[in-house]
Amino acid sequence: MTERTEQHVTEQQKTPGWLDWHPSPGRPALELPAGAVDAHCHVFGPAAAFPYAPERKYTPCDASAEQLFALRDHLGFARNVIVQATCHGADNRALVDALRRSGGRARGVATVRPGVSDAELRELHEAGVRGVRFNFVRRLVDVTPRADLWDVVERIAPLGWHVVLYFEAADLAELREFFLSIPVPLVIDHLGRPDVSEDVDGPKFAGFLSFLRARDDVWCKVSCPERLSLTGPPALDGERNAYRDVVPFARRVVEEFPDRVLWGTDWPHPNLKGHMPDDGLLVDFLPHVAPSAELRRRLLVDNPMRLYWPENEGS
Ligand SMILES: O=C(O)/C=C(\CC(=O)C(=O)O)C(=O)O
């Protein structure tokens, strides 16, 4: 009994060095367009209700649906797309609970394993799930055999779902053909994680742009400058010109693919090492990558609505 209690406590210890989400983000100077969607964010636990997965690679601080919705309202977003993070494995209960509490203002991206039942897929769809995420980032997941991923694709395709892909830029060359063989729309997380110390006109980023050009249903999130930036400055202490080294990369993608880009806060920002951004200042990063009101309307409203709420688009 004592042992079990101790084990329980240990399991909920945050990963050493964990940075908690910002407790009091400012309000953005940017007025978001009406109906803006935060198209990449997470809920974590709370662990007491929704324990983290045994196979997880990190243990975060809790970040509940209520806290996410409070941030949504504070920043001026209308809707969220909540993405299943690896710390919950393929246990989508926290995600489904958040979607149900959102009153239709959140849609989701789940993680499912090949053996998932039709009943579970139906339940996920009814709750608002519209995609699955395949994570190839080695520090986050063990390698999943492609045959298993393929099984999942075959199960979700009839539902009209898409696949969200998270990978490091260095791995794209090896993964590219597999990705392009997936017969549903693809959504790339965090700009495909470029090395922003390289030239935006260099061969690596050219390879990523050519991947986006290969099909017209490959979407890209121009999110997570706080994760990609090497030189900052961070979105803290009133800095409204943050993460300048990421801007050319994000802007290039927004300009070439204005109808296939998405953006999200990535709250509660798992696994950041150096700093935790002020989410209000993070929103103020947007005019640097989408300089006109028209580009921001597509990025924040039209595109996510087309992908996640097609039945409401334009309403
Ligand atoms: O918040 C993100 O999108 C990025 C993550 C976490 C993640 O993807 C996950 O746990 O599934 C990261 O780079 O550590």
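Start at 1 with the first residue, then count along the sequence. Both counts, for ligands and for their atoms, begin at 1 and track the order of listing.
In this structure, F134 has its ring center no closer than 6.0 Å to that of F178. Centroid-to-centroid, the aromatic rings of H40 and H190 come within less than 6.0 Å.
Near Y58, with a cut-off below 4.0 Å to any heavy atom, the atoms of ligand 1 are 9 (C), 10 (O). Close approach of ligand 1 to H42 (heavy-atom distance below 4.0 Å) involves ligand atoms 1 (O), 2 (C), 3 (O). Listed by number with element, the atoms of ligand 1 under 4.0 angstrom from any heavy atom of R139 are 12 (C), 13 (O), 14 (O). Within ligand 1, the atoms closer than 4.0 Å to a non-hydrogen atom of R193 are 13 (O), numbered from 1 in the order shown. Remark: ligand 1 atoms within the under-4.0 Å shell around heavy atoms of N135 are 8 (O), 11 (O).
Of the listed options Y166, W267, F44, Y166 places a heavy atom closest to atom 13 (O) of ligand 1. With atom 11 (O) of ligand 1 as the reference point, the heavy atom nearest to it among H269, K221, R133, K57 is part of R133.
In this structure, atom 6 (C) of ligand 1 lies nearest to the protein heavy atom P270 CG, 3.6 Å.
With salt bridges taken as basic N to acidic carboxylate O contacts below 4.0 Å, one links D20 and K14. With respect to the salt-bridge test (charged N to carboxylate O, under 4.0 angstrom), the residues E256 and R213 qualify. The pair R130-E311 does not meet the salt-bridge criterion, since no charged nitrogen lies less than 4.0 angstrom from a carboxylate oxygen. R296 and E31 are not joined by a salt bridge, as no carboxylate oxygen comes within less than 4.0 angstrom of a charged side-chain nitrogen.
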*Would you sort out whether L159 and V129 count as a side-chain contact (heavy atoms from CB on, under 4.5 Å), showing the intermediate values?*
CA-CA 10 Å; L159 295 164; V129 169; over 6 Å; no
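Ligand 1 has no atom lying under 4.0 Å from any heavy atom of H88. In this structure, L140 is part of the shell of residues with a heavy atom less than 4.0 angstrom from ligand 1.
Annotation: D189 places no N or O atom under 3.5 Å from an N or O atom of ligand 1; distance criterion only. Checked by distance only, ligand 1 and N271 come closer than 3.5 Å through their nitrogen or oxygen atoms.
The minimum heavy-atom distance linking P277 with L282 is given by the pair CG-CD2, 4.3 Å.
A chain of hydrophobic side-chain contacts below 4.5 Å, direct or via other Ile, Leu, Val, Met, Phe, Trp or Tyr residues, connects V184 to F136.
Counting heavy atoms under 4.0 Å from ligand 1, residue D266 touches it through the side chain alone.
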